[in-house]
Structures are given as C-alpha cells and as structure tokens.
Amino acid sequence: MTNPGAVVRTRIAPSPTGEPHIGNMYVALINWAVARRAGGQFILRVEDTDRTRFVEGAEETFIQAINWLGLRHDEGPDVGGPVGPYRQSERGDLYREQAERLIEGGHAYRCFCTPERLAEVRKARQKAGQATGYDRKCRGLAADEVRRRLDAGRPHTVRLAVPLQGQTRFTDGLRGPIVIENREVDDQVLVKSDGFPTYHLAVVVDDHLMGVTHIIRAEEWIVSTPKHVLLYEALGWDPPLFYHMPLIRNPDRSKLSKRNQPTNVLWYRREGYLPEAVVNFLGMLGHSMPDGREVFTRDEFLKAFSWDRVTTTGPVFDMEKFEWLSGMWIRRLSAEELARRLRDEGFMPAGLAEKFSEEQVTAIVTLMQERLRKLSEFAGGVGFFIDREPYEPADLLPTKGKNKKPTRTGPEVLAAIETMRSAFAGEETVGQWTAEALQEALRALADEMEWKPRDLFMPLRVAVTCRRISTPLFETMEILGRDECLARLDEAIEKAGSLA
RNA sequence: GGCCCCAUCGUCUAGUGGUUAGGACACGGCCCUUUCAAGGCCGCGACACGGGUUCAAGUCCCGUUGGGGUCACCA
C-alpha cells in the first residue's frame, strides 16, 4: 500500500448546509486512513457553492466534529495549505476559467432555458415514460444567436455536452469496472445562472488543482461519476482513482437518515459516547480487522486498513452493537481518565465534587465504570451519593424469584436493620470503616442472625443507597462514611416501622 | 419506471473452489455473585432462488427475486 515517491492526497468535502453527518465521518475516516497510511495528505475542502443552503457556523461545527474523532486534516480553510483557497466560494475564477475552456473546446455550451421550461420538459418526459433529462434545446444554438442573447443580458447556465453515443467507463477501486451508456447521461449544468459552479464542475476542477489522487466518497455518487470522467477528459486531465464506500443504512435498509436514527455526530458526543467508540464502530462498518478484533483504536485501524478488507454492502447502523462498543471503551479507560472525561464533557454532577474529595470521586467512578454504556448514565447512577432519595418502605424487604415474593416480614426487617445499626455504631463490631471490614462483619452478623447474606444485604442496600439496584454495597458504604450510613439507617428504621 | 450498485445467522462480519460455514452484538440458559452490571461457559440462528461451469460452488458465470442508490441551476 505504501508507495514511496508517489504522493497520496485524499479529501473530505463537506457542504456547510447542516449538521456534521455520521456518514460523512465514515467517509472522512477512510480518507484519513488512506492518506495517513501512505504518508500523504488529508485535505478538508468546503463545498459551499449553494448559497441558498448555506448555514452559518456549519463549517466550524464540521471541523469540530472531525477533530473530536481525531481525524486531523493537513490542509483546509482553517489551517491553510499550498493549494488554497479551500472554500469553493472563494475559487470562482478557477471555475470560470475552466468553464470557458470547456465551451471553447466544444465540450460545454450555454443554455438559456428558463427553470419553467425545464420543469415542463421534465414533466412531459416523465409522462411519456422517458428519462427525465434536459432535451438539449440550446445545444445546437448558433454562435451569433448565443452572442445576441448574451449581449441582451439573458440569464444562462453552462451545460456539459455529453457525447450522444458511446459509453463512459471508469474503475471503481472496490467494484471494478463500471460502464455507463452516454445516452443515459444528462447534459449536466456546470455553471448556474448565478455564476456559481455546480458540484460536478467544482469537484473536478478542485480535485485536479489540489492534486487529489484518491476520490473516496459515498456510493450515491457512482452514477454521476461518468460526468466527472467526461470532464476530466474534456479538460485534458488524468482522472484520479475512484472508491465508492457503501452507504450506511437505517434498520429498514434505506439510506441512513435522522428520521430513524440520530445522524449528527455531535449528538453522540452530547449523549456521552466516546469518540473512540464512534471511530471504532465506523471502522467496523464495511471493514474488518485481519485478526477478527472488534475493539480497536483509531491507530490500530489505521495500521490494519486495507481496501482488500472493505466490503461493498451497505451496513445497517446497529445501535445495540454501538452501545456495547461504547461500554467496552468506557471500561478501557482508567478511573482517573473516565473521571476527567465526565468532567470535561459536562456529565459530572456538581454535588459530587462538593461533597467528596477527588479520591472519593474517583472511587465512585470506579464503582460505576462497568455499569456505564455512555457518560450520560453516570449522574443517574450516583445521585444517592449526594442526597438521600425517596423510596417506599416496602423496598426494604428482601425478595426472591420473578414474582418478587418477600422472604422476610416487615418486623423481621425492622429488627435486622436495628441490629445492624447498633453493630455499626459500636467500634468493637466494625473496627475500621472499610469495605472489607464491613463485609466481614456483616457476613458474621448474618450468620449469627441466621439470615441469608443476600436477604440481609437488601434492606441494608436500600437503607444506604435508597434503591434496590446500586453500586456495590460495601464499597459504597465506605465512601459514604459511618455517620452518613448511620443516619440513613435511622431513616430506614423509621420507614420500616410502617411495614406490617 | 430507466440506469447503476449490492446480496452469508435479526444485525456487524470471517470466508478468495474442497470448512462440522467461524467470530461479535442481540436473544435464551447456566456459572460467578450482596443488587445491577461486568466476566465465564453453553445454546438458538445464515450462504435469497433457479440455471450453468467444475471431480467439487457460499466462493466463478448467467438469469430471477429482493434491497439500495440515482434520475435538480443540492451536494
């Protein structure tokens, strides 16, 4: 793959028309990997030629998104580079120049048809069951007529003069040769009446001028690739290599859309997923590791990436598997690092830092770590550390089986809690307030009382954590401290009094 | 509808002519266990169909079916 001497340049070319799409990140990841593997450059180019769809701030948000994933670009509007500018809106002269060349060479022509006429043509053709393309009315316009209309200031577009016969072929790096009949190709508008180029002109001009060697984009571009190939030929340029990545799908297999699934990659961030998990997940859509590993870092992916291991079938974005992976990544972090991420991403409840030392917070994070699939779940799991929470007296009862039949009566539970309370109060019973000592003492106590440990631990758990599902009991008690635990037991005794 | 792309468990995938078709998520069961998780073990579960080619086809070819994409002065 590495080919010293031959420069490899790839690019991601977002349109600043909305939010950073997860599918774009997927394509960016591959582009990034291909460039990095070859020691080449990964370029960011902003395709902002549609002024009507321009969204303020979208470019910045996109950059924020790829940076979050660690897909650093070497050249782009924010970092500069030798072949700028990197925004298409700032490259108008370059497109105009090439459009002129195309017209002079007979590969393009000016079209004065109005949008209304085009709509009619389309409608009529659709009705007749024909392909809905432009009918090429202006293609044969005499030079003097064109001159006349130009002088009259008639608005016009520039269209590609697609050969009427023959076929255009190109090789897709993933699928092999693709052949399309020229008669299937429309006389695509290259320059809009507002003077801005369309995607098709701009992409070819820019990729050539920027020295892009590998065009890696989504599969939806396959059918328009012949237009681009025709343009390369008409302009006398060598076409680059084309690779069309499969489209990520909704569960119903349609193209991924926010109707079905969040597609804004920053949503995943706000939701508390780790960037490692996102990159890892995208890296296993349509690609597999040689050793079958499913949990891997961005750099491991980079090292292992190979076109040979890329598939062409559109993968479904499986949220379940993604969540599993997210949990795997949370568990891979050190407790300190996890705590840092929770803080940095705004998922650390303020009350925790106020009430506990940094070491204690880290200890709490450790207890939560293997219970988390995303950072946002943290706060909900540790609320009881900060404040006592309401619970029903009946929650104190130990139960068994699926029907949750109580295994002890209310009075029994009340007595048990009282016994535990006095045990905790006396230094001699529980010497050191550590998880280990507590566990030892409680087990001895259970034995003495002839209670099953699990039956005894449930009332204690609820008394201490205010819930039946919680972090490990003894570690939690250690962090909470003796005084707080005693206070909570007092409250439980009060509640248990109401149990029959 | 025309054109183009695609086709292995529900999902992500391994597989490059000879495999009891492997792994992962999810699901079910068991174990571990102070709850919930995490972890371990076991199980369920797929080559869309039909023709070829071949001694041999999930693997190659053709067709059918199915899914997707695309048919803008959007990208």
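Below, chain A is the first sequence line, B the second, and so on; all start at residue 1. Keep in mind that what you see is a predicted model, and the values were worked out from it rather than measured.
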Novice: Taking only residues two or more places apart in sequence or in another chain, which ones pass side-chain contact (heavy atoms from CB on, under 4.5 Å) with A/Asp187?
Specialist: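 side-chain contact (heavy atoms from CB on, under 4.5 Å) list for A/Asp187, sorted by chain: A/Tyr109, A/Tyr134, A/Arg136, A/Arg139, A/Arg159, A/Val162.
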Novice: Can you list everything that forms a side chain to side chain donor-acceptor pair (under 3.5 Å) with A/Gln88? Sequence neighbours excluded, please.
Specialist: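 Once residues adjacent in sequence are excluded, the partners of A/Gln88 under the side chain to side chain donor-acceptor pair (under 3.5 Å) criterion are A/Glu47, A/Asp206.
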Novice: Listed by chain and number, what are the side-chain contact (heavy atoms from CB on, under 4.5 Å) partners of A/Thr171, not counting sequence neighbours?
Specialist: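 Testing A/Thr171 for side-chain contact (heavy atoms from CB on, under 4.5 Å), a comparison that skips the adjacent residues, returns none.
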Novice: ring-ring contact (aromatic ring centres under 6.0 Å, His included) with A/Phe322: which residues, sequence neighbours excluded?
Specialist: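 Per chain and number, A/Phe322 pairs via ring-ring contact (aromatic ring centres under 6.0 Å, His included) with A/Tyr268, A/Tyr273, A/Phe281, A/Phe317.
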Novice: More 5' along RNA chain B: A/Phe457 or A/Glu47, using each one's nearest nucleotide?
Specialist: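 Result: A/Phe457.
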Novice: What pairs of residues pass the salt bridge (charged side-chain N to carboxylate O under 4.0 Å, His left out) test when at least one of them lies in residues 455-473 of chain A, not counting sequence neighbours?
Specialist: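 Every salt bridge (charged side-chain N to carboxylate O under 4.0 Å, His left out) pair that includes a residue of residues 455-473 of chain A, provided the two are not neighbours, is A/Glu389-A/Arg467.
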Novice: What pairs of nitrogen or oxygen atoms, one from the protein and one from nucleotides 43-46 of chain B, lie under 3.5 Å apart?
Specialist:
none

Novice: Can you list the residues that meet the ring-ring contact (aromatic ring centres under 6.0 Å, His included) rule with A/His156, with sequence neighbours excluded?
Specialist: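 A/Phe112.
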Novice: Would you tabulate the nitrogen or oxygen pairs shorter than 3.5 Å linking the protein to nucleotides 19-21 of chain B?
Specialist:
none

Novice: Return the nearest nucleotide to the side chain of A/Val316; candidates are B/G39, B/C5, B/U11.
Specialist: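 Looking only at heavy atoms from C-beta outward on A/Val316, the closest nucleotide is B/U11.
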Novice: Hey, which sits more toward the 5' end of RNA chain B by its nearest nucleotide, A/Arg461 or A/Phe281?
Specialist: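 Mapping each residue to its closest nucleotide by heavy atoms, the 5'-most match is A/Phe281.
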Novice: Applying ring-ring contact (aromatic ring centres under 6.0 Å, His included), can you list everything that pairs with A/Tyr199, at least two apart in sequence or on another chain?
Specialist: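 ring-ring contact (aromatic ring centres under 6.0 Å, His included) list for A/Tyr199, sorted by chain: A/Trp221, A/His228.
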Novice: Among all residues two or more places apart in sequence or in another chain, which pass the ring-ring contact (aromatic ring centres under 6.0 Å, His included) test with A/His287?
Specialist: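 For A/His287, the residues satisfying ring-ring contact (aromatic ring centres under 6.0 Å, His included) (neighbours in sequence not counted) are A/Phe301, A/Phe305.
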Novice: Side chain of A/Ser193, heavy atoms from C-beta onward: which of B/C73, B/C12, B/C3 has the nearest atom to it?
Specialist: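 Ranking B/C73, B/C12, B/C3 by closest atom to the A/Ser193 side chain puts B/C73 first.
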Novice: Reading nucleotides 60-69 of chain B 5' to 3', which nucleotides get B (base under 4.0 Å from a protein heavy atom), which S (sugar-phosphate only), which -?
Specialist: -------SSB
Novice: Tabulate protein N/O versus nucleotide N/O from nucleotides 26-31 of chain B, keeping only pairs under 3.5 Å, one per line.
Specialist:
none

